[in-house]
There are 2 protein chains.
Amino acid sequence: MSVRTRNLTHTPPAEVSLQDALDALGDPVRRTILRDLAGSPDWTRACGTFDLPVTKGTRSHHFAVLRAAGLIEQRDEGSRRLNRLRRPEFDEHFPGLLDLVLAEPAAG
Amino acid sequence: MSVRTRNLTHTPPAEVSLQDALDALGDPVRRTILRDLAGSPDWTRACGTFDLPVTKGTRSHHFAVLRAAGLIEQRDEGSRRLNRLRRPEFDEHFPGLLDLVLAEPAAG
DNA sequence: GTAGGTGTTCGACGTCAATCGAACATTTCG
DNA sequence: CGAAATGTTCGATTGACGTCGAACACCTAC
């Protein structure tokens, strides 16, 4: 039974360490996803709609890391997987951290 | 002429990217140094006075990374090299980030 | 049913950073 | 002077992570 079938995708992590958060935010591709996501309404962006310099497989990996760090939430809609930035939830655990990422100039 | 002789150690970096900051804070040994340093008055802690699970060479490397990220400043005092946490300077560039690290439970 | 679009998983590869140990430089102290 | 203490630097090793490509699963059309 696949992860997708079991629908585990939707379960947010119970606890996220600062180490996990910093690791997740340490990759520029992942920060690009977060900034892009912050500029769109919730549940309007599928994984494939992000302009990223990596292939499908790598892209999927990055979304998994963001999920595990509690930074995003995903929901299946037909054949696509829609995303939502878990901003208030993450801010509660690590106030100010996500703000720094979102304030970072794109492509930088 | 060695770096030490030229005294380049004291020069803080001109500009630090978020990438550099996250990289520097991404290592648990370096966060231990920062927390320990925050608990001591400025210029009272030599590099060797920190309880770290690494050898001399690695320790020196970590201090160099923290220096390059603008997180600490160093000054020679005899044969020892004293440290100071550049808290206000770093907070100005990345407000809230260092606070999260210093609030992190030790050894975690 | 067949085809196309979307996303995941897996193995393999390359690269980068942390680590160690040894050699070296500098200062201090006997 | 010689010896100990403090840090740095360098080469080599190792492990982790980002990446790709192919295979697979699922949904939605036609």
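Note that the structure is predicted; figures quoted are calculated from it, not measured. Below, read A as the first sequence line, B as the second, and so on, with proteins coming before strands; counting in each chain starts at 1.
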Enquirer: Quickly work out the A:Arg59 CZ to C:dC10 P distance and round it to whole Å.
Expert: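 After rounding, the gap between these two atoms is 20 Å.
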Enquirer: Do you know the tightest heavy-atom contact between A:Arg30 and A:Asp23?
Expert: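 Distance-wise, the nearest heavy atoms are NH2-O, 3.1 Å.
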Enquirer: Rounded to the nearest Å, what distance is computed from the CG atom of residue A:Leu52 to the P atom of nucleotide C:dG7?
Expert: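 Between P of C:dG7 and CG of A:Leu52: 12 Å.
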Enquirer: What is the distance, to the nearest angstrom, from the CD atom on A:Gln74 to the C1' atom on C:dT8?
Expert: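 So the two atoms are 11 Å apart, to the nearest Å.
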Enquirer: Nearest whole angstrom, please: distance from the P of C:dC16 to the CG of B:Leu22.
Expert: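 Interatomic distance, CG of B:Leu22 to P of C:dC16: 19 Å.
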Enquirer: Are A:Ser79 and C:dT6 close enough that a side-chain N or O sits under 4.0 Å from OP1 or OP2?
Expert: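 For C:dT6, OP1/OP2 do not have a side-chain N/O of A:Ser79 under 4.0 Å.
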Enquirer: Compare side-chain N and O positions of A:Arg80 against OP1 and OP2 of D:dA29 and report whether any pair is under 4.0 Å apart.
Expert: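 Answer no for this pair, as no side-chain N or O of A:Arg80 is under 4.0 Å from OP1 or OP2.
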Enquirer: Test of understanding: with side-chain contact (heavy atoms from CB on, under 4.5 Å), list the residues that count as partners of A:Ala64, not counting sequence neighbours.
Expert: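 With neighbours one apart ignored, the set is A:Arg67.
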Enquirer: If you define the side chain from C-beta out and look only at heavy atoms, does anything of B:Gln74 sit under 4.5 Å from B:Leu82?
Expert: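 Side-chain contact under 4.5 Å: no.
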Enquirer: Determine the minimum heavy-atom distance between B:Ala69 and B:Pro13, stating which atoms define it.
Expert: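 Looking at all heavy atoms of both residues, the shortest contact is C-CG, 4.2 Å.
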Enquirer: Please state whether the phosphate of D:dT8, meaning OP1 or OP2, lies under 4.0 angstrom from any side-chain nitrogen or oxygen of B:Arg81.
Expert: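 So the side chain of B:Arg81 is within the cut-off, an N or O lying under 4.0 Å from OP1 or OP2 of D:dT8.
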Enquirer: Please list, pair by pair, any protein nitrogen or oxygen found under 3.5 Å from a nitrogen or oxygen in nucleotides 19-23 of chain C.
Expert:
from   : atom 1 : to      : atom 2 : distance (Å)
C:dT19 : OP2    : B:His62 : NE2    : 2.3
C:dC20 : OP2    : B:Thr55 : N      : 2.8
C:dC20 : OP2    : B:Thr55 : OG1    : 3.3
C:dC20 : OP2    : B:Thr58 : OG1    : 3.4

Enquirer: Please report, rounded to the nearest Å, how far the C1' atom of C:dA18 is from the CZ atom of B:Phe63.
Expert: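 To the nearest whole Å, that distance equals 16 Å.
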Enquirer: Salt bridge check: are B:Arg84 and B:Glu89 linked by an N-O gap of less than 4.0 Å?
Expert: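 Salt bridge between B:Arg84 and B:Glu89, a charged N being under 4.0 Å from a carboxylate O: yes.
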Enquirer: Under 4.0 Å, counting only non-hydrogen atoms across every strand here, what does B:Ala64 touch: a base, just sugar-phosphate, or nothing?
Expert: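 Answer is nothing: B:Ala64 stays at 4.0 Å or more from every strand.
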Enquirer: Taking for each residue the nucleotide of DNA chain D bearing the nearest heavy atom, is the 5' side occupied by B:Asn83 or by A:Glu77?
Expert: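 The 5'-side residue here is B:Asn83.
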Enquirer: Could you state the interatomic distance from CD1 (A:Ile72) to CZ (A:Phe90), rounded to the nearest 0.5 Å?
Expert: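 So the gap between those two atoms works out to 12.0 Å.
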Enquirer: Can you measure B:Arg67 atom CZ to D:dT9 atom C1' for me and round it to whole angstrom units?
Expert: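 Atom CZ in B:Arg67 sits about 12 Å away from atom C1' in D:dT9.
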Enquirer: Rounding to an integer number of Å, can you tell me how far A:Leu66 CG sits from D:dG18 P?
Expert: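 Going from A:Leu66 (CG) to D:dG18 (P), I get 11 Å.
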Enquirer: Using the side chain to side chain donor-acceptor pair (under 3.5 Å) criterion, which residues pair with B:Arg86? Sequence neighbours excluded.
Expert: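 Per chain and number, B:Arg86 pairs via side chain to side chain donor-acceptor pair (under 3.5 Å) with no residue.
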Enquirer: How many whole angstroms separate atom CG of B:Asp23 from atom P of C:dT15?
Expert: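 It works out to 19 Å between those atoms.
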